Number of protein chains: 2
Amino acid sequence: MRKRATAKQVANAAGVSKWTVIRAFTEGASITDESKRKVLEAAAALNYTPNLLARSLATKSTGQIAVFVDDFANPQKLPFLETLTEQLQAVGRVAMLININHHFDHVHALLHADQRQVDAIILFGTAFRDETLTDRQLGNGTPPMFVLARDSQIEGVPAVVCDAELALREIVDHLHDKGYRRPGFMSGAPALSTALRRREYFSKFWSEKGISHIAHFAAEKYSFEAGALGIRNYLSSTSKDRIDVLMCENDILALGAMDEIRGKFGLSVPDDIAIVGFDNYELGGSSAYGLTTYEQPLREMVGVIIRMIKNEHDPETVTLPGRLVLRSST
Amino acid sequence: MRKRATAKQVANAAGVSKWTVIRAFTEGASITDESKRKVLEAAAALNYTPNLLARSLATKSTGQIAVFVDDFANPQKLPFLETLTEQLQAVGRVAMLININHHFDHVHALLHADQRQVDAIILFGTAFRDETLTDRQLGNGTPPMFVLARDSQIEGVPAVVCDAELALREIVDHLHDKGYRRPGFMSGAPALSTALRRREYFSKFWSEKGISHIAHFAAEKYSFEAGALGIRNYLSSTSKDRIDVLMCENDILALGAMDEIRGKFGLSVPDDIAIVGFDNYELGGSSAYGLTTYEQPLREMVGVIIRMIKNEHDPETVTLPGRLVLRSST
DNA sequence: TTGTATGCGTTATCAT
DNA sequence: ATGATAACGCATACAA
């Protein structure tokens, strides 16, 4: 039964004190080349590596970043998580993935992250009201928080988001140019929807073009199924003067809606109803869907969050431009 | 600036020793109700909760489970991660999500997980050769490992998988019943493919029905794009005696292939070529695809892994039955 | 039941 | 440059 070797054991083997061993493993510590060599040799023989747990306790820095996620229905979460974990690991951090759900809510998660002494908390696509926070005296002892891919609804907590105003302006301009005049908008979970501000700007820019009525569809949550359900009732009850274009708050809703429109109602996209999504999820680009959408600058967004975590960037909300992706659905 | 309160501070406030404070927070410790009440009161006032970092150092148990993932292209990873994190948190554990890639390989990850003293490592959809392990003297000091959703290729490391033999038997029976006689199989990344054994059983059961030639297509990896590429060359170079059914190693490959077959080559599914996938990814069920597939018992699989981690289940490979999902693509 | 001493494996600080 | 002392916050074992 090999156990992890400790600095003390290495010290004995190398004939030095354990502090010299520590120094051999500390960047820029003052130590002779000779000592360092002896230590590293002994360490290799004993398969020694520093215990990060003990190091964290002493330094009060764990290198662990809690990532809160409360919605796994959107497949776009996956590339985001990939980029996030990759970039975190590239700077010596590691992600603690925390699933926020009915059994484990934000308060639990916050307490847990705090108890584990994480260096920071990333609210990925999640946010919550200020009230739950003031209880916890946030901003004092708790780790710094950052919101990713949603507007922050918490005073003093910065967010990194894709520029919704710019995005919706480009989208509405495009739709208007294409000749669409009866727009509809489908939003997802109400609590999250407002933080995206997509509907808000969608209305605003249509209104600037003289169109003030936007049909609104509320999906229960962000999922394929919810997207289909969100439009079903409308399609079966309305046949004339229908919307001619539907913007959905994200791609997965849009794909669900498109599937319903074409598959279940036999309508044509974009001839009967055009569709726009948001995220540029890979499958939306398939020839089966050809979904026009808006791509978030995922790598850049994650990059900014990481620099904030490393204190290389002021903790202020950052808004990055995305990219309109035109396909056959419009 | 509020800092985290320590047991000692609570002890002072409550007028007891710090060990009594510890006992108040230790399940089943011997302590008077009166003392406990005083302690909890003081703790609440000071907003004290035990520091899990220090606890972990002392108990040598962190409650952290490293989850290795090396492929984020398959959207089915997301519901798996959701279930995994949810069930881990339900038993007081938490997931450390580790992205295995070119910059951070298995050996790095293993070392890292070990340094952080995780309680266990889950190789989720990942495995690697024995040789890299023997270096690290695995099975002695390192945390126990488990493979999820792949066969284990490591001696002594158990896996929890969906029963490939049963699955492929059902699939091949179904295809044969439907009258298909010229089967093809598309595999993904070679290193992972063999661990799934899907191709192996696909061949075996067709062979039992007297069909020994299986056209084989090798996709570079498991992604939509790779699925499309995997079949492109074949379709453009072969026009007669083509395969009449294509089984893909997972849904995302199948969707890519189907998109190529219908969208780019104008062929009909299932009339020209039928398609079968594996995983039952939600979008495969859309009317745009209607993909016949095989569903893995994700909750049960995760449940077994967790019981192994809790030592409530012998660390032996477990094979669970899935479910054939018939749709219009066959 | 409660208090004391000691250990977990590091790091920080000081002395040599 | 190296060794020694203290500290990080908690748990374990033992004594009272």
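Each chain gets a letter, A, B and so on, in the order the sequences are listed, and its residues count up from 1. Remember, predicted model here, so these are calculated numbers, not experimental data.
- Note: OH (A/Tyr48) to C1' (C/dG9) measures 8 Å, nearest angstrom.
- Residues of residues 13-26 of chain B having a heavy atom closer than 4.0 Å to DNA chain D, listed by number: B/Lys18, B/Trp19, B/Ile22, B/Arg23.
- Rounded to an integer number of Å, the gap from CZ of B/Arg4 to P of D/dA7 is 21 Å.
- Between the side chains of A/Thr62 and B/Arg116, no donor N or O sits under 3.5 Å from an acceptor N or O.
- Between the CZ atom of A/Arg116 and the P atom of D/dC8 there is a distance of 22 Å, rounded to whole Å.
- Checked by atom type and distance alone, the side chain of B/Thr126 pairs as donor or acceptor with a backbone atom of B/Phe124 at under 3.5 Å.
- In the model, A/Gln64 has a side-chain atom that pairs as donor or acceptor with a side-chain atom of B/Gln64 under 3.5 Å.
- Residue A/Asp114 contributes atom CG, which lies 14 Å from atom C1' of D/dG9 at whole-angstrom precision.
- Distance A/Lys8 NZ to D/dT2 P: 20 Å, rounded to the nearest Å.
- Distance, B/Leu57 CG to D/dT12 P: 12 Å, rounded to whole Å.
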For A/Glu41 and A/Lys38, what are the C-alpha separation, side-chain angles and deciding distance, and is it a salt bridge (Lys or Arg N to Asp or Glu O under 4.0 Å)?
CA-CA 5 Å; A/Glu41 230 163 54; A/Lys38 278 197 303 186; over 6 Å; no

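- Residues B/Gln117 and B/Ser35 both approach DNA chain C. Their nearest nucleotides, taken by heavy-atom distance, put B/Ser35 toward the 5′ side.
- Nearest heavy-atom pair across A/Ala95 and A/Leu88 is CB-CD1, 3.8 Å.
- We find that CZ of B/Arg55 is positioned 22 Å from P of C/dG7, with the value rounded to whole Å.
- Distance CD (A/Gln9) to P (C/dG9): 8 Å, rounded to an integer number of Å.
- B/Asn99 places a side-chain N or O within 3.5 Å of a backbone atom of A/Glu82 that can act as its donor or acceptor partner.
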